[in-house]
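None of the values given here were measured: they were computed from a predicted structure.
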Amino acid sequence: NSAQINRIHGFKILFSNYNILSSNTAQKNVDNGFYLTSSSFNRLEYNIAKDNQNGFAFTSSQNNSLISNIAQANRGNGFGFLSSHFNTFIFNNAQSNGKDGLTLYGSSYNILENNTSQNNGVNGFHLEFSSTYNNLTFNTAQNNGQGGFSIDHGYTFPLSPSDHNILTNNTVQYNTYGFNIFLSSFNILTSNIVQNNIDGIRIESSSSHILTSNIIQKNSEGVVLVSSNSNILTSNIVEYNSFGVFIHGSDENNIFNNF
């Protein structure tokens, strides 16, 4: 099916469960290509969302699966989750969207695996406003305008940091920041490949992160700690950067067995 040039959404699922949307195209809709709200246990696979405001948007929706979908050239975000938890996101592609390729806003316990986010205007993957306990594995972020992976508090007050996320075996290259963590704590970055960014891993005003077994190479600055305390950096390979590890105004960090 094709849903295009509609005044609001291409496909809307409201208070509905256990539906399968497969091989549909949503394009040139005024708002979202695919929009799910208060819906659970739905499966979206092999769909394309192109030239909408946002490609795929989920609000207060849990336990859904998105597999092998494409969000391309949307004006806002490719994929966006608002207050949506326990979703699984596998083998999707977000490219050339105006804002973030994929954003989690106040969304927790989601699994993101083997996704690609490239050539987006802002971030490849963005965890913000108290997005916690998410697991991001084997994803690729490249050529995005700001961060490959950004983790922050959503730039709202009072602060709502995004803590306790695990990012492992991801590849991030040719972004302004490979990983950009701001005002968040207790995240784990392990076995990631971070290459050819301006800052490979930047941690600012954040504490108690663990960085281990990452390969950080050919960036302008490998690892940057700014006003960040009590972080652990161990067993990373940091090579061929202009600066390997740069620490500014940061205390009580534990840095050992890096190469």
Side-chain angles (χ1 to χ4, degrees), residues 1-112 115-131 134 136 139 144 150 152 154-156 160 162:
N1 300 293
S2 178
Q4 57 185 343
I5 320 177
N6 295 288
R7 288 194 298 270
I8 304 180
H9 310 297
F11 296 84
K12 182 177 180 179
I13 299 177
L14 174 65
F15 299 116
S16 299
N17 307 315
Y18 297 101
N19 298 286
I20 299 174
L21 282 74
S22 181
S23 301
N24 301 289
T25 299
Q27 60 183 354
K28 297 182 179 178
N29 299 287
V30 172
D31 204 342
N32 301 301
F34 295 83
Y35 179 53
L36 277 74
T37 182
S38 301
S39 298
S40 299
F41 298 102
N42 297 287
R43 181 182 176 97
L44 281 72
E45 59 184 10
Y46 303 108
N47 299 290
I48 299 173
K50 185 176 181 180
D51 293 324
N52 308 282
Q53 178 59 35
N54 300 296
F56 297 78
F58 286 66
T59 301
S60 301
S61 295
Q62 334 301 333
N63 295 294
N64 298 287
S65 298
L66 287 82
I67 302 171
S68 299
N69 301 285
I70 297 173
Q72 180 180 6
N74 298 286
R75 296 179 296 279
N77 299 314
F79 299 85
F81 294 83
L82 172 64
S83 301
S84 295
H85 315 298
F86 298 103
N87 297 288
T88 301
F89 190 80
I90 302 174
F91 289 115
N92 299 283
N93 191 310
Q95 55 185 327
S96 303
N97 299 286
K99 294 183 179 178
D100 295 334
L102 183 142
T103 184
L104 301 179
Y105 189 95
S107 298
S108 300
Y109 299 101
N110 297 287
I111 296 173
L112 284 70
N115 303 288
T116 299
S117 190
Q118 59 189 357
N119 300 316
N120 299 289
V122 186
N123 299 295
F125 298 86
H126 192 186
L127 283 63
E128 58 178 329
F129 193 74
S130 193
S131 290
N134 297 289
L136 284 72
N139 301 288
N144 298 288
S150 290
D152 56 59
Y155 298 94
T156 58
S160 298
S162 295

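Expressed to the nearest 0.5 Å, how far CG of L44 lies from CD1 of I67 amounts to 9.5 Å. Here OG1 of T37 is found 10.5 Å from CG of N32. Values are rounded to the nearest 0.5 Å.
By the ring-ring contact (aromatic ring centres under 6.0 Å, His included) test, H85 is found to be paired with no residue, residues two or more places apart in sequence or in another chain being considered. Partners of T59 by side-chain hydrogen bond (donor to acceptor under 3.5 Å, both in side chains), not counting sequence neighbours: none found. Partners of N42 under the side-chain hydrogen bond (donor to acceptor under 3.5 Å, both in side chains) rule, at least two apart in sequence or in another chain, are N19, N64. Legend: residues meeting side-chain hydrogen bond (donor to acceptor under 3.5 Å, both in side chains) with T103, ordered by chain and number and at least two apart, are E128. Under the ring-ring contact (aromatic ring centres under 6.0 Å, His included) criterion, F86 pairs with Y109, not counting sequence neighbours. The side-chain hydrogen bond (donor to acceptor under 3.5 Å, both in side chains) test applied to N119 returns no partner, not counting sequence neighbours. Residues satisfying the side chain to side chain contact (heavy atoms under 4.5 Å, CB included) test with N29, not counting sequence neighbours, are N6, A26, N52. Every residue two or more places apart in sequence or in another chain that forms a ring-ring contact (aromatic ring centres under 6.0 Å, His included) with F58 is listed here: F81.
In this structure the side chain of Q118 reaches within 4.5 angstrom of the side chain of N93, judged on heavy atoms. Under the 4.5 Å side-chain criterion, counting only non-hydrogen atoms from C-beta, F125 is in contact with N115. When side chains are defined from C-beta on, N74 does not count as touching K99, because their heavy atoms never get closer than 4.5 Å. Contact check for F34 versus N69: no side-chain heavy atoms found under the 4.5 Å cut-off.
Counting only residues at least two apart or on different chains, the salt bridge (charged side-chain N to carboxylate O under 4.0 Å, His left out) pairs with a member in residues 34-54 are R43-E45.
There is a side-chain donor-acceptor pair under 3.5 Å between S117 and N120.
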Decide yes or no on side chain to side chain contact (heavy atoms under 4.5 Å, CB included) for N139 and L102, but give the supporting numbers first.
CA-CA 11 Å; N139 301 288; L102 183 142; over 6 Å; no
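A donor-acceptor distance shorter than 3.5 angstrom exists from the side chain of N97 to the backbone of A71, with no hydrogens or angles considered.
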With a 3.5 Å cut-off and sequence neighbours excluded, list the donor-acceptor pairs that the side chains of residues 11-18 form with protein atoms.
residue, atom, partner, partner atom, Å
S16, OG, L14, O, 2.8
N17, OD1, S40, N, 2.8

